[in-house]
Amino acid sequence: MTTITTSPAIKKAPSASPRARALRRFRRNRLAVAGAAVLGAVVLVTLLAPLIAGHPPNTVDLYAIRQGPSGAHWFGTDSSGRDVFARTLYAGRVSLLVGLTAALAAITVGTLLGAVSGLFGGWADHVIMRAADIVMSFPTVVVILVLAGIVGPSMTVLIAAIGLTQWPVAGRVVRGVTLSLRDREYIHAAEAAGANAWWLIRKHIVPAALPPVTVTGTLAVAQAIMLETTASFLGLGVRPPQASWGNMLNEAQNLTLIQTMPWLWIPPGVAIAVTVLAVNFVGDGLRDAVTPAGQGGGR
Amino acid sequence: MAAYVIRRVLANVLVFLLISVGIFVLVRLAPGDPVRMMVDPEQMRGGGAAFIEAKRHELGLDRPIFVQYGHWLSGALHGDLGYSYVGHRPVGAVLGERVGPTLQLMGAALAVALVVSVALGVAAAVRRNTAVDYGATVLGLAAVSVPPFFLGIVGIYVFSLQLGVLPSAGMTTPGGGGLVDQLRHLVLPGLILAFVTAGPFTRYVRGGLVDELGAEYVRTAEAKGASPARVVLRHALRNSLIPLITVVMYQIPQMLAGAVVIEQVFAWPGMGQLAVSSIGQHDYPVIVGFALYVAVLVLVCNLVADVLYAAVDPRVSLR
């Protein structure tokens with residue numbers, strides 16, 4: 001951000017950088033702040049899992065199977081005597097990591113394709129935008145299902161499938177930003193000075209598109225966590241014994257376990273709901289913060 | 001209009017061909033012998049290496065890959081999707097008997113979702129920035145944040161196991177039956193799929209109605225002395241529902257994804273459950289058949305949405 005020198009007379013006026021103004025608007029949104037706080041807590045707790053958990057997540061203890069919550073095992077133990085609290089924390093690392101990586105992959109692809117679409121126009125634009133329409137209309141869970149079914153389930157397949165199916169949102173946003181920049185004088189000046197497309201994308205389009213892409217990226221994280229847990233629940237994502245919130249629910253999926261050991265499925269289920277809700281609140285707050293009323297925005 | 005429809009159909013056929021190439025390539029990457037995928041297992045029994053070699057030639061698997069693709073596609077278009085490894089029956093028949101239950105689940109959920117989301121969306125739009133409005137927003141966010149499989153397990157725990165009022169699995173009680181029994185089985189999976197679907201719908205109804213309520217013709221209607229209910233229901237709501245038609249069409253494939261998950265939780269004998277269990281059993285022909293079916297469903301829904309949108313709203317330019 002460049003600093004703008006202002007005369008002392010108007011120094012008190014609330015005209016900080018756009019980023020500072022967005023941050024202030026964000027802080028005024030109570031739901032968004034609450035979401036950010038909850039999300040921060042979830043990230044902190046999962047990062048500090050080795051210190052907090054008290055038990056390793058995958059160690060089988062046949063002397064302590066199917067125990068209810070107690071002082072020793074806060075969330076009880078599962079059918080192999082593994083500590084559910086520890087598993088929930090470590091599973092959070094996996095779910096958050098997959099969510100972040102997949103969302104990052106999606107917005108990277110989307111930003112590149114969107115910028116190319118907007119810069120070049122013509123048939124490239126046409127093909128990319130039609131592809132975006134079609135990709136968006138396919139249910140991602142089914143795409144993951146088919147890919148995992150044929151190639152075999154793994155975290156890599158999961159991230160690739162989410163990246164390949166979630167890019168259109170960012171793609172459309174970046175295309176819109178690019179179109180709005182294309183006829184600005186400084187872009188023409190850069191082109192006249194010999195800048196090529198890659199330079200324009202790196203130096204002008206990406207910085208301009210960063211605020212709206214941050215919003216779509218945040219919402220993409222929520223979506224990606226949801227998809228990861230769904231795939232893992234169906235047995236098509238993260239493979240056991242590595243715990244993920246989704247596959248912990250998968251393991252609890254029979255009537256006897258649902259009835260007699262609710263501590264197996266309540267913690268991971270609540271963890272998913274709370275985390276995804278928090279990320280969505282933050283995303284909505286960011287959207288309102290970077291696109292103030294009257295400045296357009298929307299979809 | 002006719003030219004527009006034809007252009008959209010051709011574009012969708014092109015997309016289908018691209019998808020079919022993708023699926024064909026994936027199938028070839030898949031482990032397993034393609035001969036096994038295409039030959040009736042009854043014939044395979046007792047056949048030695050020479051028999052398989054003869055079959056390979058007969059099926060054209062020694063021909064160039066393009067020829068093989070053409071052969072495979074024309075077979076698929078004629079309903080010949082090969083044989084299920086597990087059931088030893090044609091894939092078309094295996095898939096066919098699963099379509100009904102899935103459509104029943106999706107249809108019931110869609111009906112409930114539409115009624116609820118229109119009512120809630122209208123209430124939220126008319127009483128903007130009140131508790132009703134915020135409630136609708138939070139509910140909409142919850143619908144996309146709480147995983148349906150968790151809701152399903154909670155539903156089973158509360159209504160099937162603790163209260164004992166609703167069944168937890170299947171479409172009917174074995175040996176029981178009857179319409180009431182079927183409806184009771186539909187309640188939990190149907191309501192959960194409806195909840196997940198109603199979230200985005202409510203947002204659209206509210207947003208569309210808010211926009212329409214700001215339009216000039218609404219003020220005209222009010223000025224003429226129409227009652228508030230009449231202004232909302234007869235004037236604004238009718239126009240705001242036009243985009244919802246297309247949203248519903250676009251949402252149907254997404255509902256299928258929800259159905260896959262919910263069928264798994266409630267042991268509902270639909271296509272989603274078939275697909276998931278086929279993956280567990282490495283039943284590639286069934287997975288491919290499912291993929292093609294979904295591709296067709298998505299493209300048909302898109303096409304209907306595009307055409308309906310153009311037909312319903314004359315302001316849409318037919319590019």
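Numbered from 1 within each chain, the chains take letters A, B, ... in sequence-line order.
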> Any idea which of Cys301(B), Ala275(B), Ala295(B) has the most non-hydrogen atom pairs under 4.5 angstrom with chain A?
Replying inline: Ala295(B)
> Given that the side chain runs from C-beta out, which part of Gln251(B) has a heavy atom under 4.5 Å from chain A: side chain, backbone, both or neither?
Replying inline: neither
> Measuring heavy-atom distances to chain B, does Asn250(A) have an atom under 4.5 Å in its side chain, in its backbone, in both, or in neither?
Replying inline: neither
>> Taking side chain as everything from C-beta outward and backbone as N, CA, C, O, which of these in Pro153(A) sits under 4.5 Å from a heavy atom of chain B? Side chain, backbone, both or neither.
In response: neither
> Between Val15(B), Ile23(B), Val298(B), which has the largest tally of heavy atom pairs under 4.5 Å with chain A?
Replying inline: Val298(B)
> What part of Ala305(B) lies closer than 4.5 angstrom to a heavy atom of chain A: side chain, backbone, both or neither?
Replying inline: neither
> Relative to chain A, which segment of Ile19(B) carries a heavy atom at a distance below 4.5 Å: side chain, backbone, both, or neither?
Replying inline: side chain
>> Looking at Gly121(B), is its backbone amide N or carbonyl O close enough to the side chain of Thr202(B) to form a donor-acceptor pair, meaning the two atoms are under 3.5 Å apart?
In response: no
> Can any side-chain N or O of Arg184(B) pair as donor or acceptor with the backbone N or O of Val165(B) at less than 3.5 Å?
Replying inline: yes
>> Check whether Trp265(A) reaches the backbone of Ile258(A) with its side chain - one donor and one acceptor, N or O, closer than 3.5 Å.
In response: yes
> Any salt bridge between Glu263(B) and Arg98(B), counting N to O under 4.0 Å?
Replying inline: no
>> For the backbone of Thr229(A) and the side chain of Ser232(A), can you confirm whether one donor and one acceptor N or O come within less than 3.5 Å of each other?
In response: no
>> I'd like to know if the side chain of Asp125(A) and the backbone of Gly121(A) have a donor-acceptor N/O pair within less than 3.5 Å.
In response: no
>> Keeping Asp283(B) on the side-chain end and Ser84(B) on the backbone end, is there a donor-acceptor pair under 3.5 Å?
In response: no
> For Phe233(A), is it the side chain, the backbone, both or neither that has a heavy atom under 4.5 Å from a heavy atom of chain B?
Replying inline: side chain
> Which bit of Val146(B) is near chain A, if near means a heavy-atom gap under 4.5 Å: side chain, backbone, both or neither?
Replying inline: both
> Between Val279(A), Asp133(A), Ile225(A), Asn280(A), which residue shows the highest count of heavy-atom pairs closer than 4.5 Å to chain B?
Replying inline: Asn280(A)
> Any idea which heavy atoms bring Ala259(B) and Thr102(B) closest together, and the distance?
Replying inline: CB-CG2, 4.5 Å
>> What part of Gln259(A) gets within 4.5 angstrom of chain B, counting heavy atoms only: side chain, backbone, both, or neither?
In response: both
